[in-house]
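Here the structure comes first, spelled out in structure tokens, and everything after it is commentary.
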2 protein chains.
Amino acid sequence: MVKQLDDKLPPLIDHVGWRLWRLARQWKAEFDAGMAARGHGWMAEARGAVVGHLRPGGLSQSALTAAMGISKQAVQQLVDELVAEQIVERVPDPDDKRGKIVRLLPKGIKAIADGNEVKREIEARYAERIGAERLASLNAALDDLAG
Amino acid sequence: MVKQLDDKLPPLIDHVGWRLWRLARQWKAEFDAGMAARGHGWMAEARGAVVGHLRPGGLSQSALTAAMGISKQAVQQLVDELVAEQIVERVPDPDDKRGKIVRLLPKGIKAIADGNEVKREIEARYAERIGAERLASLNAALDDLAG
DNA sequence: ACGTATCGTCAAGCAACTTGACTACATGGA
DNA sequence: TCCATGTAGTCAAGTTGCTTGACGATACGT
């Protein structure tokens, strides 16, 4: 009764979306492994994304919320964890007595610096595999399709 | 005291990994929107991935587990939901009295068919934007970097 | 001066997993 | 043939990473 409907479904695997997800997941696995090897295993977890959005001057928690696209309560919980681990600190915003600035502590800065190194390594491996030119046009295509 | 360490951190945004994630997320958002427009809003949630892994003949729950890379208990919970919504059915495996085969019901088959249509539409839009050739070489690069 | 919006916080709830424990059946030797 | 060991599915409970709701304190336009 369902048998006849079951026939000739196209393969589900041969499309850009699947390829994008596959490589994105692979890239993240490589990045996480590199970070874990440098002692920043926590970067693989949710609070790693917070650090990834912080800039040298620090950001208010609400700016962080806007940048990350998740709820302010979620951001707060993640920042709570990072504060407990001394990766970031919360300082009062001098321009807004309601606000607090989330700033990187040395541990967090080290993680970002190591992160950039790991990213460069992965990028170098990719360039070695398909050539710098093809990698550049991959990047260009990804940019042109975004937005 | 942290000020001096804060200086000259490289930008965090200019690397393949970030571009891959950005476009992968965007692709998924487009796919989910297309599916929601066709009445398959549930495909955006976790149980959508289960349907995405099913093949015409059906799969045993353990095969599904292996294919999806999550725990068998997680698969079971997701299949429970799909059964309740009459998207799939669980039938006994004739070759293994312990096993059960998860098979698509018409609702699920329709979702897969519509899904393929949505994917083709997205792919067509992408080809229109950067040209069929660049899209083909994007796919090729994604394939060559995987694995 | 006042109504309204925003910033951070506390609390509770939900989705999508996980690990642990268990029963029914399968399988490959002794 | 019996038995040890392994696998398929299930039930229960716990964890993670979010969510929505409610709140006091502060900011800001009129």
Side-chain angles (χ1 to χ4, degrees), chain A residues 21 24-25 28-29 32 35-36 40-55 57-85 87-103, chain B residues 21 24-25 28-29 32 35-36 40-55 57-85 87-103:
Chain A
W21 277 106
R25 274 197 309 270
K28 185 171 192 310
D32 290 345
M35 289 305 271
H40 308 293
W42 55 270
M43 278 288 280
E45 288 152 49
R47 55 195 182 284
V50 175
V51 172
H53 280 88
L54 284 178
R55 314 278 60 225
L59 279 175
S60 76
Q61 224 165 280
S62 54
L64 209 42
T65 295
M68 295 185 64
I70 60 177
S71 70
K72 59 183 177 176
Q73 295 92 329
V75 170
Q76 175 151 29
Q77 288 169 21
L78 297 174
V79 171
D80 281 349
E81 294 173 20
L82 292 169
V83 167
E85 293 168 288
I87 292 160
V88 304
E89 63 180 348
R90 257 195 276 244
V91 302
D93 184 339
D95 299 334
D96 186 338
K97 287 185 184 170
R98 297 168 304 178
K100 303 210 177 150
I101 304 288
V102 179
R103 290 183 46 167
Chain B
W21 277 106
R25 272 197 310 270
K28 185 170 192 314
D32 290 346
M35 289 306 270
H40 308 294
W42 55 270
M43 278 289 280
E45 288 152 50
R47 57 194 181 286
V50 175
V51 172
H53 280 88
L54 284 178
R55 314 276 62 224
L59 278 176
S60 76
Q61 223 164 280
S62 55
L64 210 41
T65 296
M68 295 185 65
I70 59 178
S71 70
K72 58 183 179 177
Q73 295 91 331
V75 170
Q76 176 151 30
Q77 288 169 23
L78 297 174
V79 171
D80 281 348
E81 294 173 21
L82 292 169
V83 167
E85 294 168 288
I87 292 160
V88 305
E89 62 180 350
R90 257 195 275 244
V91 302
D93 185 340
D95 298 336
D96 188 337
K97 286 185 185 171
R98 298 168 303 176
K100 303 210 178 150
I101 304 289
V102 178
R103 290 183 47 167

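Only heavy atoms go into these numbers, but all of them, side chains included; no hydrogens, no water, no symmetry mates. Numbered from 1 within each chain, the chains take letters A, B, ... in sequence-line order.
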Check: What integer distance in Å separates B/Leu59:CG from D/dA8:P?
Finding: 13 Å
Notebook entry, point to check: Expressed in angstrom and rounded to an integer, what is the separation of B/Lys97 atom NZ from D/dT7 atom C1'?
Noted result: 17 Å
Check: More 5' along DNA chain D: A/Ile70 or A/Asp95, using each one's nearest nucleotide?
Finding: A/Ile70
Next item on the list: From the options C/dT9, C/dG8, D/dG6, select the nucleotide whose nearest atom is closest to the side chain of A/Gln73.
Entry: C/dT9
Item checked: Below 4.0 Å: OP1/OP2 of C/dC17 and any side-chain N or O of B/Ser71 -> no
Item checked: Residue-phosphate contact under 4.0 Å: B/Arg90 side-chain N/O, D/dT10 OP1/OP2 -> yes
Note to self: Nearest whole Å is fine: how far is C/dA15 C1' from B/Trp42 CH2?
What the structure shows: 17 Å
Item checked: Value rounded to 0.5 Å, distance of CE in B/Met68 from CG in B/Leu78 -> 6.0 Å
Checklist line | Side chain of A/Arg98 - closest among C/dC7, C/dC17, D/dA8 | finding: C/dC7
Checklist line | Nearest-Å distance for atom pair CD/C1', residues B/Glu81 and C/dC14 | finding: 12 Å
Margin query: Do B/Arg90 and B/Arg103 have side chains that approach each other closer than 4.5 Å (heavy atoms only, starting at C-beta)?
Written below: no
Item checked: Any donor-acceptor N/O pair under 3.5 Å between C/dC17 base and B/Gln77 side chain -> yes
Item checked: Closest listed nucleotide, where the reference is the side chain of B/Asp96 and the choices are D/dA8, D/dT26, C/dA11 -> D/dA8
Check: Once you round it to whole Å, what is the distance between P of C/dA16 and CD of B/Gln76?
Finding: 16 Å
Checklist line | For atom CG of A/Leu82 and atom C1' of D/dG17, their distance in whole Å | finding: 14 Å
Margin query: I need the CD1-P distance between B/Ile101 and D/dA8, as an integer number of Å.
Written below: 11 Å
Checklist line | d(CG, A/Leu78; C1', D/dT19) in whole Å | finding: 13 Å
Margin query: Using OP1 and OP2 only, check whether a side-chain N or O of A/Ser62 sits under 4.0 Å from C/dT6.
Written below: no
Notebook entry, point to check: Does the base of C/dT6 carry an N or O that pairs as donor and acceptor with the side chain of A/Gln61 under 3.5 Å?
Noted result: no
Item checked: Selected nucleotide, minimal atom distance to A/Ala74 side chain, candidates D/dT7, C/dC7, D/dT19 -> D/dT19
Notebook entry, point to check: Do A/Val102 and A/Val75 touch side chain to side chain, with heavy atoms closer than 4.5 Å?
Noted result: no
Notebook entry, point to check: Is there a side-chain polar atom (N or O) of B/Lys72 under 4.0 Å from OP1 or OP2 of C/dT18?
Noted result: no
Checklist line | Nearest non-hydrogen partners of B/Thr65 and B/Lys72, listed with the distance | finding: OG1-CA, 3.5 Å
Check: So, B/Arg25 and B/Asp32, do they make that salt bridge, N to O below 4.0 Å?
Finding: no
